[in-house]
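Heavy atoms only: backbone and side chains are in, while hydrogens, waters and symmetry mates are out. Order of the sequence lines fixes the chain letters, A, B, ..., with proteins taken first and strands second; residue numbering starts at 1 for each chain.
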Amino acid sequence: MNFEALLAARLQPALAATAGTPVDPAVRRSPHADYQSGAALPLARTSAKAPNGKGGKGPRDIAADVIAKADFVGLATAEVSGPGFINLTVQDDVIAAAVRELAGDERLGVAPVAKPQRVLVDYSAPNAAKELTVGHLRSTVIGDAAVRVLEWLGHDVMRANHLGDWGTSFGMIIEYAIRFGQEHDVYRAARIAFDTDDEFRESARRRVVLLQAGDPETRAVWRRLLDRTKTDFLAAYERLGVTLTAADFAGESAYQDQLDSVVAELDDKGLLVASDGALCVFPAGFRGRDGGPLPLIVRKSDGGYGYATTDLAALRHRTTELRADRLLYVVGAPQSTHFAMVFAVAQDAGWLPGTVRAEHVAFGSILGEDGRMFRSRSGDSVKLAEVLDEAVARAAVRNGDPAIAAAVGVGAIKYADLSGDRRGNYVFDWDRMLAQIGNTGPYLQYAYARIQSILHRAGDFAPGVVIGEPAERALALELCAFEPVITGVAESLDLHRLAGYLYSLAASFSTFYEHCPVLKAAAGVRESRLTLCLATGRTLGKGLDLLGIQTPQRLGSGS
RNA sequence: GCGCUCGUAGCUCAGCGGAUAGAGCAACGGACUUCUAAUCCGUCGGUCGCAGGUUCGAAUCCUGCCGGGCGCGCCA
């Protein structure tokens, strides 16, 4: 259901007739009515300037004209308000019918897209030499929610987990593993050796060369280390409720045999410039510290390849071989310049035609309560597993069932990540994210659980909606707003708008719950309220599912 | 220095050119013979960083400052 679109469609002919030209109906939700249109306001100026129209009409007169010409029959009522707004009030019976339909519709009034796109979502992408840390949380959680939303809308979504499995850090851990016969959890130790021991550092560098040259022993160790971390990652994804699978791993190593060809193709197109021994592309519009052109280095002076080349190879593969229509890179904001340059070079090289959208879905950092980068007391980055453990332990205080505690704890962390504008930084705060009131995971899960409890007790009933109490009306109207939110999020990838909507829906439900007894209501009213519960439960359930958050049937210690 | 980004209530944040800028937390005051009170209702709290500009209308768009974060040639 999309009342905004329906109302706009009714308004459009009247506005066009009044203005003599098509006008944006500008229909929005409003605190003064269900919806409002501000379209008459700018029209007043045009009218006043009309050649012979002495004085012209004021915005209120114009709004009245539009209302007189518009046909709202069977949908809404309209009235002029304030300086010239058109307040629109949807008829109760229309809202009721819409909710009735929603309650019985698996898709909750959201139709699959008419033209599915092939969307490739590049997310999570941890360095396979290390453990997962909170640093990987945002890309993983945001990317997976984006995948879920796009997929549910009917798009052909391809997940890509661009694992760091080839760089210097792998040289370090392979060298360390071979020397000390230890193959698990060696990154920290290897890093220390690399930073403090010149001889080790040299060996690690040689090890990268051996790896890239295909040395059998090196490759064997590499393969074992990689398999081990992949297994660990998959376990973490499972625990997080992230849909990435083994089939989605597409690490840097996968593009190694394409790097020469990337450089060759850039050369063919005359984009390559030798500079200080390196091969570079200088896309237009990028300036460096000294004001000079900023290079994207595609081959280092030592002949090796860096991440820029790998990113270009991956992009080319995704548009030419995988035929993606839209590329999403869910990567931290600090890399925005890098991606802008990669996209610019890819365009120049013809790998990114105008028909394909490439977007850097950037996000900010997770901060500690001191406002600085979130780290453990020892200054290390915090392991993801430890964060999840603590969240679950905290949730377990109120939830005896381990499965429910896990759903609440993990859900709280994910929701905290998704409920704010992804571009901004956010402060990691246990108490806030696990609070049972406010815009939190637990609050939404609680609302969902209460609904399930009612529905369970109610048993079968004949759906139908009659709007009575203000709380019923407010809830019903909120339910009808799901569709525009979802379609908007698929476009903007602002998951926090979905989160905000769900919070607002849950809050409307809580008010309804307080003011409108369901099970004890009179016949007729009872069925209507149960239908509202059903529609709300389904919407909350689907919305949270799209965010990747579980919805237990029951919360608490039981009974 | 250049670029990107952020600056909204004491705190954490919404606010996608429209009316009197909204939530939660905190503070204070109410509501449990009632479907989970893990909730709800109310009160208090704001020169939307500053100054200009565009507009009938600006927290929102533009410009310039101030302040924080990040980035700026062989790490990813």
Side-chain angles (χ1 to χ4, degrees), chain A residues 26 28 30-32 36-38 41-45 48 58-59 81-85 87 125 127 162 164 166-169 252 275-280 282 285-302 304-308 310-311 331-338 340 362 364-365 367 371-373 398-399 408 419-421 423-427 429 431-432 435-440 442-443 445-447 449-451 453-458 488 492 494 496-497 499-500 503-504 507 510-511 513-521 529 533 554-556 559:
Chain A
R28 304 283 138 79
S30 166
H32 303 278
Q36 68 177 31
S37 165
L41 277 70
L43 250 42
R45 199 167 55 103
S81 173
F85 287 98
N87 278 0
N127 182 338
H162 196 74
W166 202 246
T168 314
S169 52
E252 296 171 331
S275 173
D276 293 340
L279 294 178
C280 306
F282 291 91
F286 295 89
R287 312 238 141 245
R289 193 189 298 275
D290 57 359
L294 194 60
L296 191 69
I297 297 173
V298 295
R299 191 159 74 196
K300 299 188 283 186
S301 51
D302 66 2
Y305 295 113
Y307 64 110
T310 311
D311 279 341
V331 181
Q335 292 195 52
S336 60
T337 305
H338 168 70
S365 308
L367 272 28
R372 308 178 60 176
M373 208 67 97
R398 286 181 172 276
N399 296 283
V408 173
S419 57
D421 188 328
R423 282 159 281 263
N425 299 333
Y426 84 89
V427 179
D429 181 333
D431 293 331
R432 194 176 308 121
Q436 36 264 340
I437 180 107
N439 192 6
T440 69
Y443 178 78
Q445 288 173 322
Y446 177 59
R450 284 165 127 187
I451 292 168
S453 173
I454 292 175
L455 292 173
H456 181 71
R457 286 166 193 264
S492 68
D494 286 343
H496 75 287
R497 297 203 181 234
Y503 173 58
S504 160
S510 292
T511 299
Y513 182 91
E514 292 293 327
H515 293 89
C516 305
V518 177
L519 298 176
K520 290 179 180 170
R529 289 180 179 170
C533 288
R554 202 156 47 78
L555 257 49
S559 169

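Comparing the C1' positions of A58(B) and A51(B) gives a spacing of 15 Å, expressed to the nearest Å. Distance noted for atom C1' between G67(B) and C41(B): 40 Å (whole Å). Straight-line distance between the C1' atoms of G71(B) and U12(B): roughly 27 Å, to the nearest whole Å. Taking atom P in both U47(B) and A9(B), one finds a spacing of 9 Å when rounded to whole Å. One C1' atom belongs to C72(B), the other to G46(B), and the distance between them is 38 Å to the nearest Å. C74(B) sits 31 Å from G68(B) when the C1' atoms are compared, rounded to a whole Å. The gap from the C1' atom of U5(B) to that of A37(B) amounts to 43 Å, rounded to the nearest Å. Comparing the C1' positions of A38(B) and C32(B) gives a spacing of 14 Å, expressed to the nearest Å.
Following rounding to the nearest Å, Tyr513(A) (OH) and C41(B) (P) show an atom-to-atom distance of 14 Å. At whole-Å resolution of the value, CZ in Arg450(A) and C1' in U34(B) are 12 Å apart. When the C1' atom of C35(B) is taken as reference, atom CD1 of Ile454(A) falls 5 Å away, rounded to whole Å. Straight-line distance from the CD atom of Glu514(A) to the P atom of C40(B): 7 Å, rounded to whole Å.
When all heavy atoms of Pro517(A) and Arg529(A) are compared, the pair lying nearest together is O-NH1, 2.7 Å. Annotation for Ser301(A) and Asp276(A): closest pair CB-O, 3.9 Å, computed over non-hydrogen atoms. The two residues Cys533(A) and Ile451(A) make their nearest non-hydrogen contact at O-CG2, 3.2 Å.
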Trace of the side-chain contact (heavy atoms from CB on, under 4.5 Å) decision for Arg398(A) with Gln436(A): CA-CA 10 Å; Arg398(A) 286 181 172 276; Gln436(A) 36 264 340; 3.3 Å; yes
Tell me, what's RNA chain B's dot-bracket, Watson-Crick or G-U with both distances under 3.5 Å, | for other-strand, [ ] crossing? (((((.(..((((....[...)))).(((((.......))))).....(((((..]....)))))).)))))....
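With sequence neighbours left out, the salt bridge (Lys or Arg N to Asp or Glu O under 4.0 Å) criterion links Asp302(A) to no other residue. Residues passing the salt bridge (Lys or Arg N to Asp or Glu O under 4.0 Å) test with Arg28(A): none are found, sequence neighbours excluded. Remark: Tyr443(A) engages Tyr503(A) in a ring pair (Phe, Tyr, Trp, His ring centres under 6.0 Å) (not counting sequence neighbours).
Each of Gly164(A) and Val408(A) was assigned the nucleotide of RNA chain B with the nearest heavy atom; the assignment lying further toward the 5' end belongs to Val408(A).
With a 4.5 Å cut-off on side-chain heavy atoms, His32(A) and Phe85(A) do not count as touching. A 4.5 Å side-chain heavy-atom check between Thr310(A) and Trp166(A) finds every atom pair outside the cut-off. Side-chain contact between His338(A) and Leu296(A): present, with at least one pair of heavy atoms (C-beta onward) separated by less than 4.5 Å. Residues Arg287(A) and Leu294(A) have side chains not in contact (no heavy-atom distance under 4.5 Å, counting atoms from C-beta outward).
Residue Phe286(A) is out of contact with every strand shown, counting any heavy-atom pair closer than 4.0 Å. Nucleic acid contact for Ala449(A): base, since at least one base atom lies under 4.0 Å from a heavy atom of the residue.
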Which atoms of nucleotides 70-74 of chain B (N or O only) lie under 3.5 Å from a protein N or O atom, and what are those distances?
residue : atom : partner   : partner atom : Å
C72(B)  : N4   : Arg289(A) : NH1          : 3.4
G73(B)  : N1   : Ser275(A) : OG           : 2.9
G73(B)  : N2   : Ser275(A) : OG           : 2.3
C74(B)  : O2   : Ser301(A) : N            : 2.8
C74(B)  : O2   : Ser301(A) : OG           : 3.4
C74(B)  : N3   : Ser301(A) : OG           : 3.2
C74(B)  : N4   : Asp276(A) : O            : 2.8

One character per nucleotide, please: for nucleotides 13-28 of chain B, 5' to 3', B when the base has a protein heavy atom closer than 4.0 Å, S when only the sugar-phosphate does, - otherwise. SSSB-BB---SSS---
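Checking side-chain atoms of Asp494(A) against main-chain N and O of Arg497(A) turns up no donor-acceptor pair under 3.5 Å.
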